[in-house]
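Here's the structure, in structure tokens; my notes come after.
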Amino acid sequence: MTYVLDGMDPAPHASDRLLEGLNPQQREAVEYRGPALLIVAGAGSGKTSVLTRRIASLIQNREAYPSQILAITFTNKAAAEMRERVEQLLGQRAEGMWISTFHSACVRILRREAEHFGFTRSFTIYDSADSRALIKRIIKELDADTMGHTVSSAANKISRLKNELTDVESYARQANFNDPNEAMFLEIFRQYTRELQRANAFDFDDLIAQTVYLFRAFPQVAALYQRRFRHILVDEYQDTNHAQYALIRELTRRPDMELLEGAVGFDGQPLRISKTPLDESSLTVVGDSDQSIYAFRGADIRNIVEFERDFPRSKVILLEQNYRSTQNILDAANAVISNNFDRKDKNLFTTFGAGEKIVGYTGYSGHDEAQFVADEITELHRNGTDYKDIAVFYRTNSQTRALEEIFIRSAIPYRVLGGTKFYERAEIKDVMAYLVCIANPADPMALRRIMNVPKRGIGPATEAALQSWADARDESLREAMRHAGELGLGPKVTGAITGLAEILDEVGSTVEKTQVPDVLTTLLQRTGYVEALRASRDPQDEARAENVDELVAVTKEFQRNNPGGRLLDFLTEVALVAAADELDDSSGTVSLMTLHTAKGLEYDAVFITGVEEDLLPHRMSANEPGGPAEERRLFYVGITRAKKRLYLSLAMTRAAFGDVSVAMPSRYLQEIPPQLIEWKQSPGDATSRGGLRPRALNARREGFSYRNSLPSGGGMPAAPKPKTEWANKVTGQVRDNGDLTLEPGDRIRHVDFGDGRVVDVTGVGAKKIAEVLFDTAGRKRLLIKIAPIEKL
DNA sequence: TCATAAAACCTTTTT
DNA sequence: GGTTTTATGA
């Protein structure tokens, strides 16, 4: 079978340059041609390089036009990078390639085709919070909470069903109606689906699932995309779920050319259909089952494990040589992952040499651990490592708090990826809801959110009256607002409602021709949103107003990058940003992120914090089938991100929910050969009480099961905070030293570190930093304004 | 209707 | 420790 385009000769030697510097396996992965190829790419084995060269060689050898290529990546940032690298290899713009995430590709398809099945192309996307808000409403209305249905259980179940391509009807077909619980869930699912359709909105899972339904229900639509995408490449295949798998199957199917009679192409022109039938598209998938870490959101490892069985004439190529890490880091990674049975044995190797040992540290508390991380980063930076080449990974977002506190105090520039996001702030959600109301007038959730924000005197009672007017006439909530006069409400409320409706309608009528920042500023001005914040006497509202200004800046940035972009494009982009997309390579800051976000990234120096039982592996994973193995893979992913240096740290006690619990070293630490780790403070050196009793790694003390809460209040007298006994302890205390001035030579006293001498002072104003040599605690960098210090 | 206070819940991981 | 929901009174 050949994939050479009609009437074009392949250029035989043109691709030599594309193979430069590749090992034999990589080379084969670039050059192999056939219907299905699986590239098993261990961590750091150069898969991105292989993928980009494979795409470039298809284009350069004239086996494919750029427009015939669909490449799926895990993040938007990875997509942008891949496009750039392909264009660099080709030395020209490769117009028409689709390189994007599953979700972005599906949005693009759905925008074009939504009209086929009862949506319009101006649909909006519900994020998880929107979905949950809708489900909450439905549960309340149905009184389903009395039957034990919670928002999160229902949301998770619906998400799982959608990832399995089970829609309401097929669920109903196999549901057990004798079980009132199940019947109730079905009703929740049904109403949720109906409300989404009414709101002209898709949730995250719909984006994939509805695209599959679209292709199945409308073969002539599917044929259009099957004919177009002749080469489909999927990265991180081990983390695809069933719906994504089905989507790929639909797309690679052989197109039925007869269905395309009279169809319109992507350029808006009628298609010219050739007589020769087309084969199925060629599929290339890249993945590593050892890095599968998204089972919780439906990723099905069988997709990659059973690939060969699934695609009969397929080829598998293994990439095992690692070009990223030192041998010590790889040995640790290999040792850890080999504890997962049920996997194909695979051993990464490198020619880089052993490198530095892994550094271990056991802190007394999360703060102490964070101080260790900060100290080591300062040291690394002093020795020439850029901040941007350093990253800190953790299992849960809550671990950022201690790290941030200490980093601020130590004047380490950092950036937290993901976590509490800008777009999750109430004021940003409000303003975004206004924008959604403009872009998609059918969406009642967005409208409800802003109806009384800023305060207009439209309370729940008024809203209910509007809703019942709408329900009685099968009209939208928005339409009800336009007819507020017919509800017999007070003149003041009526005026407020019609006033808001007018603003929305007027701004909405100009949206097609207006730049996004102008839409936003007009809205803010006419609704008085910022004005209300500025007039408020809540001191936090000033910061909220600044956040809104920041959003205006974001829209300007968007418009600059997308000159033709409209409001819908902006909303889509915002809805689909991933945590890793926020990375800015030129930022010059240390990156903090969860282990999940770290997938696909690499850093010279990597810190993995909280390597403790109940955190890594996380307590919640213990009961899930396959949970502990997945946690181990997560740790493996973290380790293999490190190029030169790896630091593993834990704490003896960790603060959670306001009180402190004892933490035990993670079982995974034992799985790393001891000679690979150099402990600066081993779990044996530190005990949770700060005493000297040595303690075996991972031994459990009598009287303590895992993570027992230390006694605190309630009956027993509150135990004294054990931290205060420790010379090394670090408090969360923050103070304002005003304009305390320090000079080299000054003696100071620090609450945590004791006495010390100022060595150097740098920076200006509020960012003045003192470098202090403490008598016992060593060298530290302190932000003078807030450090708990006094001059002696 | 709205502002403030008390109480309840919470923490896996994410497109 | 922090957010979000509910209770209370103006």
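Note on naming: letters A, B, ... go to the chains in the order of the sequence lines (proteins, then strands), and numbering restarts at 1 for each one. What's counted below: heavy atoms across the whole structure, side chains too, no hydrogens, waters or symmetry copies.
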Distance check needed: B:dT11 P versus A:E624 CD, whole Å only.
14 Å

Between A:F393 and A:R641, is there a cation-pi geometry (under 6.0 Å to ring centre, at most 45° from the normal)?
no

Winner on side-chain proximity to A:R401, out of B:dT12, C:dG1, B:dT15, is C:dG1

Return one dot-bracket line describing DNA chain C 5' to 3' (Watson-Crick or G-U wobble pairs, both distances under 3.5 Å; ( ) same strand, [ ] crossing, | another strand, . none).
.|||||||||

With a centroid cutoff of 5.5 Å and a plane-angle limit of 30°, would you call A:Y294 stacked on B:dT14?
no

Ignoring hydrogens and geometry beyond distance, is the side chain of A:R395 in donor-acceptor contact with the base of B:dT13 at under 3.5 Å?
yes

Which pairs pass salt bridge (charged side-chain N to carboxylate O under 4.0 Å, His left out) with one or both residues in residues 394-404 of chain A, sequence neighbours excluded?
A:R395-A:E631

Minimum-distance nucleotide to A:T594 side chain [options: B:dA3, B:dT14, B:dT11]
B:dT14

Counter-base of B:dT12, judged by Watson-Crick or G-U geometry with both distances under 3.5 Å
none

A:G459 or A:A575, whichever maps to the more 5' nucleotide of DNA chain B:
A:G459

With a 4.5 Å limit on heavy-atom distance, are the side chains of A:F189 and A:D167 in contact?
no

Rounded to the nearest Å, what distance is computed from the CZ atom of residue A:R108 to the P atom of nucleotide B:dT15?
21 Å

Out of B:dC2, B:dT15, C:dG1, which has the shortest distance to the side chain of A:F657?
C:dG1

Check whether any side-chain N or O of A:T597 sits under 4.0 Å from OP1 or OP2 of B:dT13, and answer yes or no.
no

For A:T462, answer base if it contacts any base atom (sugar-phosphate contacts may also be present), sugar-phosphate if it contacts only those atoms, and nothing otherwise; contact means non-hydrogen atoms under 4.0 Å.
sugar-phosphate

Measuring from the side chain of A:H618 (C-beta onward, heavy atoms only), which nucleotide among B:dT12, C:dG1, B:dT14 has the closest atom?
B:dT12

With rounding to whole Å, what would you report as the distance between B:dT11 and C:dT6 at their P atoms?
16 Å

How close or far is atom P of B:dT11 from atom CZ of A:R654, stated in whole angstroms?
18 Å

A:K77 NZ to B:dT15 P, straight-line distance once rounded to whole Å:
14 Å

Between A:F215 and A:Y225, how do the two ring planes meet: parallel, tilted or perpendicular, split at 30° and 60°?
tilted

Reckon A:N241 touches a base, only the sugar-phosphate, or nothing at all at heavy-atom distances under 4.0 Å?
nothing

Rounded distance in Å - CD1 (A:I208) to C1' (B:dT15):
8 Å

What is the minimum heavy-atom distance between A:R449 and A:A433, and which atoms define it?
CD-CB, 3.9 Å

A:R132 atom CZ is separated from B:dC10 atom P, nearest whole Å, by 11 Å

Whole angstrom value for the distance that separates C1' of B:dT14 from CE of A:M593
15 Å

CG of A:N156 versus P of B:dT12: gap in Å, rounded?
11 Å

Presence of A:K136 side-chain N/O under 4.0 Å of C:dT5 phosphate oxygens OP1/OP2
yes

With a 4.0 Å cutoff (strictly under), does any side-chain N or O of A:N397 reach OP1 or OP2 of B:dT11?
no

So, OP1 or OP2 of B:dT14: does either fall under 4.0 Å of a side-chain N or O from A:S159?
no

From the candidates B:dT15, B:dT11, B:dT1, the one with an atom nearest any side-chain atom of A:S398 is B:dT11

Check whether any side-chain nitrogen or oxygen of A:N76 sits under 4.0 Å from OP1 or OP2 of B:dT15, and answer yes or no.
no

State whether the number of non-hydrogen atoms from other residues, nucleotides or ligands found under 6.0 Å of A:E542 atom CD is greater than 12.
yes

Would you classify A:E236 as touching base, sugar-phosphate or nothing, given that sugar-phosphate means primed atoms plus P, OP1 and OP2, and contacts are heavy atoms under 4.0 Å?
nothing

Expressed in whole Å, how much space separates the P atoms belonging to C:dT4 and B:dT13?
15 Å

The side chain of A:M620 lies closest to which of these nucleotides: B:dT11, B:dT13, B:dT12?
B:dT12

Between A:F635 and A:R632, is there a cation-pi geometry (under 6.0 Å to ring centre, at most 45° from the normal)?
no

Just checking A:R302: does its CZ atom have more than 12 heavy atoms from other residues, nucleotides or ligands closer to it than 6.0 angstrom?
no

For the side chain of A:K455, counting heavy atoms from C-beta on, which of B:dT14, B:dC2, B:dT12 is nearest?
B:dC2

Straight-line distance of A:E369 CD to A:T653 OG1, nearest 0.5 Å:
10.0 Å

